[in-house]
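Heads up: the structure comes next, in structure tokens.
Chain identifiers are assigned alphabetically (A, B, ...) following the order of the sequence lines, protein sequences preceding nucleic acid strands; residue numbering begins at 1 within each chain.
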Amino acid sequence: MIRFDRVSKSLLGRLVLNDVSFEVAKGASLAIVGPSGAGKSVTLKHMICLLRPDVGSVEIGGDAISEARGSELDRIRRRFGVLFQSSALLEWLTVAENVALPLREKTAMSEEDIISTVNERLRLVGLEEDREKHPSELSGGMKKRAGLARALAEDPEIVLYDEPTSGLDPVSARSIDNLINTTRKDLGVTSVVVTHDLHSALSVGTSIAMIYRGAIVEMCSPSEFVRSENDIVQQFLKAQYITDSGAWEIKQ
Amino acid sequence: MNLTREPESYPRPQNVPAWLGRKVIFLARGMGRALMLLASAVRTIFPHAFTVRARREIGNQMYIGGIMSLGVVTVVALFTGMILALQTGIELRRFGQEVFIGSAVMMSMLREMGPFMSGIILAASVGASIAAQMGTMVVSEEIAALEVMSISPVRFLVMPRLVAMAIMTPLLSLYGCLMGVLGGGIVGETQLGVAWAAYIQNSTRFVGVKDVYVGMLKAFVFGIIIVIVACHEGFGTTNGAVGVGNSTRRSVVISFLAILISGFFITRFFYV
């Protein structure tokens, strides 16, 4: 579904991605983890062509998005829903208007169908009661939920999450994790989650990729990841107090 | 038109010619990008400006840019007219011709002061506000979100503001002229002993259609400059809150300069 083929990228004179290759199968959920500045968000931005690779290519379902422009790029981007780190809700619109925005601007749906879809998506993320609120009236967790409802508005095939739990308390963070899992299972979408929260990555990913200094140093299932003998992975696990892989498996 | 740009860095110029050369290249690039933004926005007017949502947004922007600026335009124009009348009246009185202050005020306001004044006021208020809003939207990833949703920020954000200001700036300019003439009349009546009827009669005596339409054309061009410069600077924002401040400041300075320079060339084209 998503294919990175030997992608390299330099920004401000620094090599941010170095010969990165991986694939994400349809319906799978890839969690990309790594320390700040490792290249996680840059990887995500390549998937939706907010950045283009200096070398290599990015394909989405066989379409080379890294080469696409104009209407072709729009067509490929329509396969995506994206939850941005800051939620990126338009401040002057209500929650319901934000969710309805892509439907009103890009589709010929009737107003009744739009309202029905918006209600359904808001119900999915648990924000039916807050539909008339503006983003400034929402908590961090609620903003993420509203952003997710908007990302799902057009029934995307792929949902990208950029740091979905950053800035949230542990309870809200776990509820967002549950929402990511529910979305993937109920709607059958392919997910890519960029996070530095390893607890979140282990609970939402069917596979986990660790990026360090622009290169993927480990890519495997969550259970293999917690047992990895890679020094960088071990350091990352210990830094987040995931030291007992057996205990993590029992929790799962 | 893709508005999300990669961050750029360049080595520090080693000498004055290199520094100057870079400034010239950046100026040319900025002007090129601003003109491309204008072309993209104009292209979206006819297919999209008449939809219900776009008309509502244009109306909203006309209210923000025009109606909300009425107060400041009224005060500035009224006092500009009063100062013009007083200064010209004092000189004309030496020759016993103070009755002609009406013509002086009307011609000055219609040809230059009305469009220039409304342009400067709108650049400092509406232009700064647009640049700050666009800059904040870049920083909070809202522009990237629109692009990823395949909603063109040019159509969604720039076009309604462009249409609204292209309509409202000439109207505000005309309104400013009327207020200036009114201010001049008040000074003529109370300070210079020029009767109201004589003032009005002299105000309209030498005014031609050309004076009206060239003034309106200037204001129309200024309205477009303000929106395009503000959006262009806002979309180019980097470095968070500091960057938003820088974009806003640059937007106001560039708009002021562009209004002055384009105003000169329009006058030169039509009157020389």
Practice prompt. For chain B, find its close neighbours in residues 82-96 of chain A: heavy-atom separation under 4.5 Å, sorted by number, or none.
Written response: A:Val82, A:Phe84, A:Gln85, A:Ser86, A:Ala88, A:Leu89, A:Leu90, A:Glu91, A:Trp92
Discussion item. With no hydrogens and no angle check, just 3.5 Å: does a side-chain donor-acceptor pair link A:Ser41 and A:Asp162?
Written reply: yes
Worksheet entry | Between B:Ser247 and B:Thr237, a side-chain donor and acceptor under 3.5 Å | yes
Worksheet item: Just wondering, do A:Leu50 and B:Val148 contact through their side chains at under 4.5 Å, heavy atoms?
Response: yes
Discussion item. Distance alone, cut at 3.5 Å: any donor-acceptor contact between the side chains of A:Asp74 and A:Ser71?
Written reply: no
Discussion item. Counting neighbours of OH on B:Tyr10 that are heavy atoms of other residues, nucleotides or ligands and sit closer than 6.0 Å, is the number greater than 12?
Written reply: yes
Worksheet item: Applying a criterion of heavy atom separation less than 4.5 Å, what residues of residues 142-160 of chain A form contacts with chain B?
Response: A:Arg150
Worksheet entry | A:Arg78, CZ: over 12 other non-hydrogen atoms inside 6.0 angstrom | yes
Practice prompt. Name the region of B:Ile143, side chain, backbone, both or neither, that has any atom closer than 4.5 Å to a heavy atom of chain A.
Written response: neither
Worksheet item: In terms of side-chain heavy atoms, does B:Arg56 have a donor or acceptor partner in B:Gln61 at a distance below 3.5 Å?
Response: no
Discussion item. Could you measure the distance from the CZ atom of A:Phe4 to the CD atom of A:Glu23? Nearest 0.5 Å is fine.
Written reply: 11.5 Å
Item to complete: State whether a side-chain donor-acceptor pair under 3.5 Å links A:Ser116 with A:Asp113.
Response: no
Discussion item. Can you confirm whether more than 12 heavy atoms, excluding those of B:Phe220, are under 6.0 Å from its CZ atom?
Written reply: no
